[in-house]
Enquirer: 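What follows is a structure written as structure tokens; I'll ask about it next.
First the proteins, then the strands, lettered A, B, ... as listed; each starts at 1.
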Protein chains: 2
Amino acid sequence: MQLHNTSQYAIRVLNFFANHSDDRLYSAKELAELLSIPYKFLTKIMGILVKAEFIKSIQGREGGYELNKPASQIKLIDILNTFNDETDNESCILGVGICDGHNKCALHDQWMQPKGLLRKMFEETTLENLTSADCKL
Amino acid sequence: MQLHNTSQYAIRVLNFFANHSDDRLYSAKELAELLSIPYKFLTKIMGILVKAEFIKSIQGREGGYELNKPASQIKLIDILNTFNDETDNESCILGVGICDGHNKCALHDQWMQPKGLLRKMFEETTLENLTSADCKL
DNA sequence: TTTAAATTCTACCTTAGAGTAGTAATTGAA
DNA sequence: TTCAATTACTACTCTAAGGTAGAATTTAAA
Ligand code: SF4
Ligand code: SF4
């Protein structure tokens, strides 16, 4: 019942950029230190974020990364989908496959409300909505 | 964002017993077929459920399993804890460790409400509360 | 032009969850 | 007593996530 580690890192990195929209680039080295993410693993994740067009990269010396689109246009659900997290509609609590009203699993009734709130959170929260002040990185 | 497979199986098995409290034992073979759980994996899980005292086992020929306590006394949270699922209080959405009011992660505000509902569901739902009629096994 | 700081790419190692295989131990029925 | 049905135990394989290593590539400063 947790987000993949990779997704967590990705959210934290993207959130960092959303809160530091000064006109400068941040290198993987800097990010790794600031966010306490293993450097080598971070660069791997950055590659994915670049391909997914959340992040723009400038190569070479003095290069680095910056956000590729406004924070308001990046939803949590998009980030999670990039890492195959929460993406499968099978993410249902007892994973018994596709269910109609008649044929449900034992936890269905209890699960619907929390599930709805979770979906809402992931679908409606953008980087812009995230808390920015006084936050851990 | 899903329960461990093992926890799912465990819940389904225990729920099955809660709904079949006739005075007979069920063997691993039967359960595996009825619930479509790989036999060998099921026996492994049953061993854990027995040690955790959710289930009582009768060995030898004509042996099998039965519930070890009333369904009303088995909470979902207890089952999950048995499989190290949801157990760590670190199961917090961005896993940034222990947080006080001042020092929180970026998702904290959005996460509190769904998290609360989830905890409530796991802590307050017992085998007795689970839907029993017209349900998949 | 050289060099150093950066991203990018490919390949590998590690770990934990998921599942399998085989055998020992138990026990009631025949 | 024998035997077959059962649980219990030990050890292994498979897979995907998490993480590491090293070299190739890009680019601007010196
Ligand atoms: S019955 Fe409901 S809770 Fe259970 S798997 Fe289907 S949709 Fe999900
Ligand atoms: S700040 Fe809140 S949401 Fe984030 S890890 Fe801590 S308790 Fe969980």
Enquirer: Starting at atom CD1 of I37(A), determine the distance to atom P of dA17(D), rounded to an integer number of angstrom.
Expert: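 Value for this atom pair: 18 Å.
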Enquirer: Side chain of H4(B) only, please: which of dA21(D), dA21(C), dA18(C) is the nearest?
Expert: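 Nearest to the side chain of H4(B) among the choices is dA18(C).
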Enquirer: Could you give the CG-to-P distance, from N5(A) to dA16(D), as a whole number of Å?
Expert: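 Taking CG of N5(A) and P of dA16(D), I get 18 Å after rounding.
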Enquirer: Between the base of dG18(D) and the side chain of K40(A), is one N or O donor paired with an acceptor at under 3.5 angstrom?
Expert: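 For K40(A), whose side chain was compared with the base of dG18(D), there is no donor-acceptor pair (under 3.5 Å).
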Enquirer: Considering only distance and modelled atom types, tabulate donor-acceptor pairs under 3.5 Å from the side chains of residues 30-42 of chain A, sequence neighbours left out.
Expert:
from, atom 1, to, atom 2, distance (Å)
E30(A), OE1, S27(A), N, 3.3
E30(A), OE2, R24(A), NH2, 2.7

Enquirer: Would you say T6(A) reaches dG18(D)'s phosphate, i.e. side-chain N/O to OP1/OP2 under 4.0 Å?
Expert: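 Yes, because at least one side-chain N or O of T6(A) sits under 4.0 Å from OP1 or OP2 of dG18(D).
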Enquirer: Y39(B) has an atom OH; how far is it from atom C1' of dA18(C), in whole Å?
Expert: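 Value for this atom pair: 18 Å.
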Enquirer: Should the heavy atoms of other residues, nucleotides or ligands under 6.0 Å from NZ of K120(A) be counted, would the total exceed 12?
Expert: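 No, the 6.0 Å shell around NZ holds no more than 12 heavy atoms from other groups.
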Enquirer: Considering just the side-chain nitrogens and oxygens of Y65(A), establish if one lies under 4.0 Å of OP1 or OP2 belonging to dT8(C).
Expert: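 Result: yes.
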Enquirer: With a 4.0 Å limit, can you tell me whether S57(A) has a side-chain N or O closer than that to the phosphate oxygens OP1/OP2 of dT8(C)?
Expert: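 Yes, S57(A) has a side-chain N/O under 4.0 Å of OP1/OP2 on dT8(C).
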Enquirer: As a test of reading the structure: which of dT8(C), dA11(C), dG19(C) is closest to the side chain of K44(A), going by heavy atoms?
Expert: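 Closest nucleotide among those given: dA11(C).
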Enquirer: When you match Y9(A) and K51(B) each to their closest nucleotide on DNA chain D, which lands nearer the 5' end?
Expert: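 Its nucleotide being nearer the 5' end, the pick is K51(B).
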Enquirer: From C-beta outward on A28(A), which listed nucleotide comes closest to its side chain: dT7(C), dT7(D), dG19(C)?
Expert: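 The closest nucleotide is dT7(C).
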Enquirer: Measure the distance from CG on L31(B) to P on dT6(D) and round it to the nearest whole Å.
Expert: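 One finds 11 Å between P of dT6(D) and CG of L31(B), rounded.
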Enquirer: Calculate the interatomic distance between I45(B) atom CD1 and dG17(C) atom P; express it in whole Å.
Expert: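 Those two atoms, CD1 and P, are 13 Å apart.
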Enquirer: In whole Å, I'd like the distance from the CG atom of L42(B) to the P atom of dA21(C).
Expert: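 Result: 15 Å.
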Enquirer: Give a yes or no on whether E53(A) atom CD has more than 12 heavy-atom contacts from other residues, nucleotides or ligands under 6.0 Å away.
Expert: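 Not more than 12 within 6.0 Å, no.
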Enquirer: N/O contacts under 3.5 Å, protein versus nucleotides 28-30 of chain C?
Expert:
from, atom 1, to, atom 2, distance (Å)
dG28(C), N2, R61(B), NH1, 3.1

Enquirer: Atom CZ of F41(A) and atom P of dA17(D): how far apart are they, to the nearest Å?
Expert: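 Between P of dA17(D) and CZ of F41(A): 10 Å.
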Enquirer: Taking the six-membered ring for Trp, are the ring centroids of F54(A) and F17(A) within less than 6.0 Å of each other?
Expert: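 For F54(A) and F17(A), the ring centres are not under 6.0 Å apart.
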Enquirer: Going by heavy atoms in the side chains, are L49(B) and F83(B) under 4.5 Å from each other?
Expert: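 Contact flag for L49(B)/F83(B) side chains = yes.
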Enquirer: With no hydrogens and no angle check, is any side-chain donor or acceptor of N81(B) less than 3.5 Å from a backbone partner on D78(B)?
Expert: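 No: the side chain of N81(B) does not pair with the backbone of D78(B).
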Enquirer: Under 4.5 Å between side-chain heavy atoms, hopping through other hydrophobics if needed: is there a path connecting I48(A) to V13(A)?
Expert: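 Same cluster.
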Enquirer: Rounding to an integer number of Å, can you tell me how far K56(B) NZ sits from dA8(D) P?
Expert: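 So the two atoms are 13 Å apart, to the nearest Å.
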